[in-house]
Enquirer: 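Dropping the structure in here first, questions after.
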Amino acid sequence: MCGIIGILGKEAVADDLVDALRRLEYRGYDSAGIATVDSGRLDRRRAEGKLKNLQKVLNTQPLAGLTGIGHTRWATHGAPTEQNAHPHATSEVSVVHNGIIENFQSLRASLEARGVRFDSQTDTEVIAHLITEELHSLGNPIKAVAAALKQFEGAFALAIIFSGYDNMMIGAKKGSPLAIGHGDGEAYLGSDAIALAPFTNEITYLEDGDWVVLTRENMIIRDMDGTVVQRERQVVDVSTMAIDKGEYRHFMDKEIHEQPDVISDTLSGYVNFTTGKVQFEEMPFSFKDLPKITISACGTAYYAGLVAKYWFERYARIPVEIDVASEFRYREAPMEKGGLMMVISQSGETADTLAALKYCKQQGQHIGAIVNVRTSNMAKEADVVWPTMAGTEIGVASTKAFTCQLTVLACLAIQAGRERGTISEELEKELVHALLEIPREISTFLKDESQFEELANSLSKARDVMYLGRGLSFPLAMEGALKLKEISYIHAEGYAAGELKHGPIALIDEKVPVIVVAPKDYLFEKTLSNVQEVASRGAKIVMITDAQNVDVGNEPLAVIQMPSLHDFVTPLLYAIPIQLISYYTAVQMGTDVDQPRNLAKSVTVE
Ligand code: AGP
């Protein structure tokens, strides 16, 4: 996901722009740039790769000016080169953009027919030229932007500056997040409050369709029809937006270790510690009346939903359909009105999940959103929001957000069971008690990570890794494979253990480590027989289990000994070893753990 910053400053802005971009690095990017208005003239500096390359350019060719914009680009159209880096500009207009202009090809063709020459392959350059053309015909930058915005299809968050105007910046939002920051004689635009935190905690979030004309003294927000609209100016808690690693080497390591605290924080939002029962604010529906729950999400959030499917079906006896959002949004699934659609998303901005939400809204579903960012688009669109209290998650590989999602989902499954009369009061207290033990269990488990360094030595030499699990551990196997491949770049597959004999077992030989998520639950013996099938074919087995003295048929590569737990909560604790396996292997591989190649923290484009 690209990052945007804009500053109307009282002093030179170049250094502040780059500092703000550093706070947006976690979103993932592969080039960066800034532009300023200096004595009425637009100028820019851009560089491929990380911000240190942009800083090098600025060290030799500094940019002056009190008005400026900046951008970190995650390439969608055109390679991650300097030429395609933002800002894109003409001599009169400079723009940075997060999103995709879906009709940019036709707009580009009509501009080229009018003699406009393009320097890049990006959709964003079309924005700069179109606004410039409108400026030439309308003579006023505000009218030019109003006319241009009407012609764009797709998603955009924009920050735009103009030659000759050093006290004006225009922002626009449709589908991608954009916030206004209010300073003392200064004003800002940013992709999120994290980027703006060093400057201000007074934020105004733009809604879809809004665009704002910003000066150091005031702001005028209009909708797409040009009608002036009011948006709430709020004070945000920037204390949770610390983006330093503390004593940790990587954000991912820090966030793995924050899990006991943030799971406790999340539990405190949904459990009454006095009664030992879950408690939720009034919901716009009753679980008793729901014909079905539909869950849609992407990546790790999807695997959290997959765990929840087992919980809702087993404890609340309610049918659950789940699908990855990129498929669900186009499936045109028939839906009985009055069902519950749950979206799960750390960022609350993932384009596919947002589209799935909007489809279900049209289908008359109640919409519940489990998000980590309460000001996100999904939170705004939902009928009810169940926030996770994970705090800002910087590492691209989701860890604490995942276990906090599981925490909320577990509480919801208990609530649903109570309302549907499918769990007794004592079972509810038993399940809640098991949940309340998890922060301590994770803290204890994290006291000794030495086995993961050694295991990483072996795994880092593998070309392919297989993850297996059954029941509640099947989604964990999928999540483990995703974690491993997304940060170590080793090919890994997660499979239902019972499925192995239907084909994938052909992949197994002595070069393929097989990691088995196997709590000693009602499916353990069946999983063990699958393990013996692969061990007998030479596979190097890694067991993650609370069973003692497990015989897998030959010398296992490792046995990660887990404490015995209530079956209900095993996914929350077993998430920790699979996170550590991926982390230590990636460190061995020397990859960029926090910002793995090609990935963005949140994918706000299709
Ligand atoms: C997980 O480690 C990845 N970063 C990715 O799969 C992520 O979970 C997915 O893109 C969904 O993001 P969201 O939770 O912000 O919607």
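Because the structure is a prediction, the values reported are computed rather than measured. Whatever order the structure lists ligands and atoms in, that order sets their numbers, starting from 1.
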Enquirer: Closer than 4.0 Å to some heavy atom of S398 - which atoms of ligand 1 meet that?
Expert: 1 (C), 2 (O)

Enquirer: Give the atoms of ligand 1, by number and element, whose distance to some non-hydrogen atom of G299 is under 4.0 Å.
Expert: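 Close to G299: 6 (O).
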
Enquirer: Looking only at protein heavy atoms, identify the closest one to atom 15 (O) of ligand 1 and say how far it is in Å.
Expert: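 Among all protein heavy atoms, the one nearest atom 15 (O) of ligand 1 is S347 OG, 2.7 Å.
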
Enquirer: What part of E486, side chain from CB on, backbone N/CA/C/O, both or neither, has a heavy atom under 4.0 Å from ligand 1?
Expert: side chain

Enquirer: Which atoms of ligand 1 are found less than 4.0 Å from any heavy atom of A397?
Expert: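 In order of number, 2 (O).
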
Enquirer: For ligand 1, find out whether one of its N or O atoms is nearer than 3.5 Å to an N or O atom of S602.
Expert: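 Looking only at distances, the answer is no, because the N/O contact criterion of under 3.5 Å is not met.
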
Enquirer: Any side-chain donor-acceptor pair under 3.5 Å between N84 and Q121?
Expert: yes

Enquirer: Would you compute the distance between atom NZ of K358 and atom CZ of R329 and round it to the nearest 0.5 angstrom?
Expert: 9.5 Å

Enquirer: Out of curiosity, is K483 lining ligand 1, as in a heavy atom under 4.0 Å away?
Expert: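 K483: in contact with ligand 1 (<4.0 Å).
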
Enquirer: Purely on distance, is any nitrogen or oxygen of T353 under 3.5 Å from one on ligand 1?
Expert: no

Enquirer: Backbone or side chain, does any N or O of V396 fall under 3.5 Å from an N or O of ligand 1?
Expert: yes

Enquirer: Write out the residue and atom name of the closest protein heavy atom to atom 10 (O) of ligand 1, then the distance separating them to 0.1 Å.
Expert: V603 CG2, 4.6 Å

Enquirer: Do Q259 and T399 get their side chains close enough for a donor-acceptor pair, meaning under 3.5 Å?
Expert: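 Distance-only check fails for Q259 and T399.
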
Enquirer: Are Y315 and F568 close enough that their ring centres sit under 6.0 Å apart?
Expert: yes

Enquirer: Give the atoms of ligand 1, by number and element, whose distance to some non-hydrogen atom of T350 is under 4.0 Å.
Expert: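 Selected atoms, number and element: 12 (O), 13 (P), 15 (O), 16 (O).
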
Enquirer: What's the separation between atom CD in E102 and atom CG in D123, rounded to the nearest 0.5 Å?
Expert: 10.0 Å

Enquirer: Heavy-atom contacts under 4.0 Å between T300 and ligand 1: side chain, backbone, both, or neither?
Expert: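 The answer is both, backbone and side chain.
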
Enquirer: Under a 3.5 Å cutoff, is there a donor and acceptor pairing between the side chains of N377 and K173?
Expert: yes

Enquirer: Yes or no, since that's all I need: does a protein heavy atom fall within a distance strictly under 4.0 Å of atom 13 (P) of ligand 1?
Expert: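 It does; a protein heavy atom is within 4.0 Å.
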
Enquirer: Quick check with a 6.0 Å cut-off and a 45 degree axis cone: is K601 positioned over the face of Y29's six-membered ring?
Expert: no

Enquirer: Side chain of D594, backbone of F251: donor and acceptor closer than 3.5 Å?
Expert: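 Yes; judged by distance alone, with no hydrogens or angles, the pair exists.
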
Enquirer: Are a donor atom and an acceptor atom from the side chains of E247 and H257 found within less than 3.5 Å of each other?
Expert: no

Enquirer: Looking only at protein heavy atoms, identify the closest one to atom 11 (C) of ligand 1 and say how far it is in Å.
Expert: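 Scanning the protein heavy atoms, the shortest distance from atom 11 (C) of ligand 1 goes to C298 O, 3.5 Å.
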
